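As structure tokens, the structure follows; a few thoughts come after it.
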Amino acid sequence: MDMVKSNYAHIKEIKEYAINNKIPIMKPEGIDFLTTFIIKHQITNVLEIGTAIGYSAIMMTLCNPNLKVTTIERDEERYLEAVKNIKKMQLEDRITLIFNDALKTKLDDKYDLIFIDAAKSQNIKFFELFERNLIDGGFIITDNMYFHGLVHKNEKEIKSRNVRGIVRKIKDYIVFLKNNSNYNTAIYDVGDGIAVSEKKAKGGA
Ligand code: SAH
Ligand code: MG
């Protein structure tokens with residue numbers, strides 16, 4: 001009997017670990033959207049902010065055999081779990097894990113997709129720090145634009161001051177994206193709300 005577990009079994013385990021440890025990995029709807037997008041736009045080089053335990057990075061690499069992901073995580077326990085998961089699936093040569101605070105990370109490479117899925121109140125900072133790593137015509141995708149539906153709720157109904165603060169920051173980020181004339185942004189009603197910002201190609205060419 002072949003004792004090597006199938007990818008499917010590993011993914012099932014990763015999802016179970018996420019549930020048991022309350023790790024906010026992308027929902028199936030969001031993963032479907034992201035992987036369909038990657039295939040449609042022939043994305044091959046992704047930068048992800050917020051690895052958690054490697055689930056979304058793994059799902060992205062599995063949908064396109066030519067795709068590589070570089071992904072950043074600041075939480076040590078999650079980073080170590082991601083290392084384990086990526087090893088189990090033998091994706092070490094396609095997924096590069098960086099254990100650091102993304103806001104303290106400077107990268108030189110260029111990517112055709114940057115996926116922002118980290119601290120929701122820092123989205124403008126992540127965008128401004130990493131857009132220099134995006135190719136012309138590339139995309140920045142941001143997850144959790146609805147923040148569990150709270151972005152569309154009356155602020156008075158949100159009890160926690162901290163949560164209200166995050167919701168305000170997400171609203172600021174929406175304004176920032178809409179006003180950013182270097183990008184065309186659309187927010188899709190998928191999963192927890194997904195923003196796709198397409199960097200306009202430089203004019204005059
Ligand atoms: N993309 C993952 C889920 C990420 S959850 C998936 O769908 O599978 C968000 C993660 O971002 C958390 O693990 C959190 O520790 C990490 N994070 C938040 N702020 C960060 C920062 N400034 N730098 C690096 N990681 C950060
Ligand atoms: Mg998310």
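Computed from a prediction, not measured in an experiment: that's the story for all the values here. Just so you know, ligand 1 is whichever comes first in the structure, and atom 1 is the first atom listed for that ligand.
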* Asked: If we only count heavy atoms from C-beta on, is the Ile116 to Phe130 side-chain gap below 4.5 Å?
  -> no

* Provide the number and element of each atom of ligand 1 under 4.0 Å from a heavy atom of Asn100. => 23 (N), 24 (C)

* Asked: To which protein heavy atom is atom 6 (C) of ligand 1 closest, and what is the distance rounded to 0.1 Å?
  -> Ser56 OG, 3.0 Å

* To do: For residues Arg132 and Lys110, report the shortest heavy-atom separation together with the two atoms involved.
  => O-NZ, 3.1 Å

* Any side-chain donor near an acceptor of the partner, Lys68 and Asn45, under 3.5 Å -> no

* **Smallest separation among heavy atoms of Ser197 and Leu177, with atom names** => OG-CD2, 3.7 Å

* Starting from the C-alpha separation in whole Å, work towards a yes-or-no answer on side-chain contact (heavy atoms from CB on, under 4.5 Å) for Thr71 and Ile98. => CA-CA 6 Å; Thr71 177; Ile98 299 173; over 6 Å; no

* To do: Using non-hydrogen atoms of the residue, decide whether Gln122 is closer than 4.0 angstrom to ligand 1.
  => no

* To do: Grab the two heavy atoms, one from Ile14 and one from Met89, that are nearest each other, plus how far apart they are.
  => CD1-SD, 4.3 Å

* Asked: In terms of residue, atom name and distance, what is the protein heavy atom nearest to atom 20 (C) of ligand 1?
  -> Arg74 NE, 3.4 Å

* Structure fact -> Among non-hydrogen protein atoms, atom 18 (C) of ligand 1 lies closest to Ala119 N, 3.2 Å

* Asked: Any idea which atoms of ligand 1 are less than 4.0 Å away from a heavy-atom of Met26?
  -> 6 (C), 7 (O)

* To do: Answer yes or no: is there a side-chain heavy-atom contact under 4.5 Å between Asn133 and Asp109?
  => no

* Asked: Does any N or O atom in Gly50 lie less than 3.5 angstrom from one in ligand 1, N or O only?
  -> yes

* Shortest reach to atom 14 (C) of ligand 1 by a heavy atom, considering only Lys120, Glu73, Lys104, Glu81 -> Glu73

* Going by the atom numbers of ligand 1, which of them fall below 4.0 Å from some non-hydrogen atom of Tyr55? -> 8 (O)

* Structure fact -> Of all protein heavy atoms, the one nearest atom 22 (N) of ligand 1 is Asp101 OD1, 2.9 Å

* For Pro24, atoms of ligand 1 separated by under 4.0 Å from a heavy atom -> 3 (C), 5 (S)

* To do: Provide the protein N, O or S atoms situated under 2.8 Å from the Mg ion (ligand 2); waters are not included.
  => Asp117 OD1, Asp143 OD2, Asn144 OD1

* Among protein heavy atoms, which sits nearest to atom 9 (C) of ligand 1, and what does the distance come to when rounded to 0.1 Å? -> Asp117 O, 3.1 Å

* To do: Do me a favour and list the nearest non-hydrogen protein atom to atom 12 (C) of ligand 1 with residue, atom name and distance?
  => Arg78 NH1, 3.2 Å

* To do: Around atom 17 (N) of ligand 1, find the nearest protein heavy atom and jot down its residue, atom name and distance.
  => Ala118 CB, 3.7 Å

* Heavy atom of Ile23, distance to ligand 1 below 4.0 Å -> no

* Asked: Looking only at protein heavy atoms, which one is nearest to atom 23 (N) of ligand 1, and how far off is it?
  -> Ala102 N, 2.8 Å

* To do: Could you see which bit of Ile49 sits under 4.0 Å from ligand 1, with heavy atoms only: side chain, backbone, both or neither?
  => neither

* Asked: With a 4.0 Å cut-off on heavy atoms, is Thr51 touching ligand 1?
  -> yes

* Side chains of Leu129 and Lys106: does their closest heavy-atom pair fall under 4.5 Å? -> yes

* To do: Only counting residues at least two apart or in another chain, list the ones meeting side-chain hydrogen bond (donor to acceptor under 3.5 Å, both in side chains) with Tyr79.
  => none

* To do: Find out whether Phe139 and Ile114 are in side-chain contact, i.e. whether some heavy atom of one side chain is under 4.5 Å from a heavy atom of the other.
  => no

* Asked: Can we call the ring centroids of Tyr183 and Phe127 under 6.0 Å apart?
  -> yes

* Asked: So, are Glu81 and Lys84 salt-bridged, with charged N and O less than 4.0 Å apart?
  -> yes

* To do: Give yes if a backbone or side-chain nitrogen or oxygen of Gly54 is under 3.5 Å from a nitrogen or oxygen of ligand 1, and no if not.
  => no

* Steps toward side-chain contact (heavy atoms from CB on, under 4.5 Å) verdict (Leu62, Arg94) -> CA-CA 10 Å; Leu62 292 181; Arg94 293 175 56 207; 5.5 Å; no

* Determine, stepwise, if the pair Met26 / Ile194 fulfils side-chain contact (heavy atoms from CB on, under 4.5 Å). => CA-CA 11 Å; Met26 261 198 141; Ile194 296 178; 3.9 Å; yes

* Asked: How does Asp143 reach ligand 1, if at all, at less than 4.0 Å between non-hydrogen atoms: by side chain, backbone, both, or neither?
  -> neither

* Enumerate the atoms of ligand 1 whose separation from the nearest heavy atom of Phe126 is less than 4.0 angstrom. => 22 (N)

* **Close side-chain approach of Lys200 to Asn184, heavy-atom, < 4.5 Å** => yes

* Do Glu48 and Thr70 come close enough that some side-chain heavy atom pair is under 4.5 Å? -> no

* Sub-4.0 Å heavy-atom approach of Glu48 to ligand 1 -> yes

* Asked: If every non-hydrogen atom of Gly149 is compared with every non-hydrogen atom of Asp192, which pair is closest and at what distance?
  -> N-OD1, 3.7 Å

